Number of protein chains: 2
Amino acid sequence: MTNDLLIKHISRNLTFSKTEQEEFCKYFFLESIEKKAFLLQQGQVCKFEGFVVEGCFRIFTIDKKGNENTLYFAAKDWWLMDIDSFMNHKPSDLNIQALENSKVLIISQKDKSTLYDSLPVAEKFFRIMFQKSIVAWQRRLIRNHSLTAKERYSHFIENYPEIASKLTDRQTSSYLGITHEFLSKIKKKSQAQ
Amino acid sequence: MTNDLLIKHISRNLTFSKTEQEEFCKYFFLESIEKKAFLLQQGQVCKFEGFVVEGCFRIFTIDKKGNENTLYFAAKDWWLMDIDSFMNHKPSDLNIQALENSKVLIISQKDKSTLYDSLPVAEKFFRIMFQKSIVAWQRRLIRNHSLTAKERYSHFIENYPEIASKLTDRQTSSYLGITHEFLSKIKKKSQAQ
DNA sequence: GAAAAATGTTGAACAAGTTCAACTCGACTA
DNA sequence: TAGTCGAGTTGAACTTGTTCAACATTTTTC
């Protein structure tokens, strides 16, 4: 079952009964996305939430100067959406693009509200997920303020080696908040040592 | 009642019945904190969650070089805690300090679990709060990557004038991720124009 | 399999932001 | 009342990271 991964993921955080597991999973359907295809493009309203089963995605914005800014990467076991757009029914600033052929368990916005109503423990589950997510955002902000580009790069490849290995330097640099030219220079320097 | 503000705050996001409001509020107690006093210091485990009723707080870390890094400011109507420490019962990296004489509605960790169990709609409420918080963190990260220090400063004082007016330049600069010397130079330049 | 397009590399000039040290000013304290 | 302490200012030298342009290399596309 493709839902096995989702159930395992839930169980890492909370104990669901068999019935609860089934109720939770029944709203999700599996979708395959080809490399380079977009699950969401800026301007669209995000009407789904996704859980990555296979592959990898990049979530990024494009600013006024045309620079891409990567918010995060989502590999297997990660959730995927534009929360702002999803919550407030407004056009998204984000692009969600597959970095390779991928599979995602999708739940529609409508079904998500139904799920919350029918299964109170789903509220608890997502409340915990969101809490964890905040911790990650806070830590990333502190790293951005207190570490140099080189230190952030090292941190990234050490902590997310599987993701890092799938990326082009341009994608990595847009996550770190530096230019790709400078990343190239950082890499050269660390080789030299 | 000191709980009026809390009830108003909830109502902005969700509709609670009178009974639910009472059940929700009964776990909170009001605490007064003097200017410069700490609600939490790094090394301690965060065993509470707070809702600011009056005053203002600064939540910050101190890194290895001794630099202060402000995560956020919490004025009236904001929530206050170290989520990581609270969730995982581990020593906090954060300091929560009152910038002026302040009042906070406090709920203990123990009562928070009781509240979640006794009032399912509390799960929904905090789930929504956390979602909103993530949106704010994501936006801040993008600003940090795509705007200059001067632009971030302008954004801050335009969007949070009440908070900004209470801060010293050192506090502001530690929020923006720059040195206080550089903030001083930014301010001088924008005066000149 | 060739052409086109995107990716990575390098250097030189530049801009943004830091560091350190010296100085001013007010506020609190003995 | 003097003294100290923390906050803000300024300048000079420095470091980090950017920009632009040229070129090499790989990947994609037809």
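Quick note on labels: first sequence line is chain A, next is B, and so on, each numbered from 1. Remember, it's a predicted structure, so these values are computed and weren't measured experimentally.
Here the two rings, on A:Phe24 and A:Phe16, have centers that are under 6.0 Å apart.
In this structure, B:Asn144 atom CG and C:dG17 atom P are separated by 11 Å, rounded to whole Å. Here D:dT15 presents its C1' atom at 17 Å from CD1 of B:Ile178, a figure rounded to the nearest Å. For the pair A:Tyr153 OH and D:dT16 C1', the interatomic distance rounds to 18 Å; values are reported in whole Å. If you measure from atom CG of A:Leu99 to atom C1' of C:dA6, you get 15 Å, rounded to the nearest angstrom. Whole-Å rounding puts the A:Lys187 NZ to C:dT10 P distance at 11 Å. Taking atom CG of A:Asp63 as the reference point, atom C1' of D:dT18 lies 14 Å away to the nearest angstrom. Summarising the geometry, the separation between NE2 on B:His180 and C1' on C:dA21 is reported as 12 Å, rounded to the nearest angstrom. Per the geometry, NZ belonging to A:Lys150 stands 11 Å off P belonging to D:dG17, to the nearest Å.
Transitive grouping of hydrophobic side chains (ILVMFWY, heavy atoms separated by less than 4.5 Å) keeps A:Leu80 and A:Phe38 in distinct clusters.
Checked against B:Val135 for a side-chain contact (heavy atoms from CB on, under 4.5 Å), the options A:Asp82, A:Asn88, A:Ile83 give a single hit: A:Ile83. Screening B:Gln44, B:Glu68, B:Gln42, B:Gln41 for a side-chain hydrogen bond (donor to acceptor under 3.5 Å, both in side chains) involving B:Asn95 leaves a single residue, B:Gln42.
Listed by residue number, there are no residues of residues 165-176 of chain A with a heavy-atom contact under 4.0 Å to DNA chain D.
More than 12 heavy atoms of other shown residues, nucleotides or ligands fall within 6.0 angstrom of atom CZ in A:Phe156. Within a 6.0 Å radius of CD in B:Glu34, no more than 12 heavy atoms belonging to other residues, nucleotides or ligands are found.
Taking the C1' atoms of five terminal pairs at each end of the helix from C:dG1-D:dC30 to C:dA30-D:dT1, the two resulting helix axes are inclined by 50°, rounded to 10°.
Atom CD1 of B:Ile107 sits about 7.0 Å away from atom CD of B:Glu49, to the nearest 0.5 Å.
Across every non-hydrogen atom of B:Leu99 and B:Arg58, the tightest pair is CD2-CB, 4.0 Å. Scanning both residues, A:Lys76 and A:Glu54, for their nearest heavy atoms gives CG-N, 4.4 Å.
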Evaluation steps, ring-ring contact (aromatic ring centres under 6.0 Å, His included), between A:Tyr160 and A:Phe73: CA-CA 10 Å; A:Tyr160 305 97; A:Phe73 300 102; 9.0 Å; no

Are any protein N/O atoms closer than 3.5 Å to N/O atoms in nucleotides 19-27 of chain D? If there are, list each pair with its distance.
unit_1, atom_1, unit_2, atom_2, d
D:dT19, O4, A:Lys185, NZ, 3.3

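Side-chain contact between A:Ile33 and A:Phe57 is present, with heavy atoms from C-beta onward closer than 4.5 Å.
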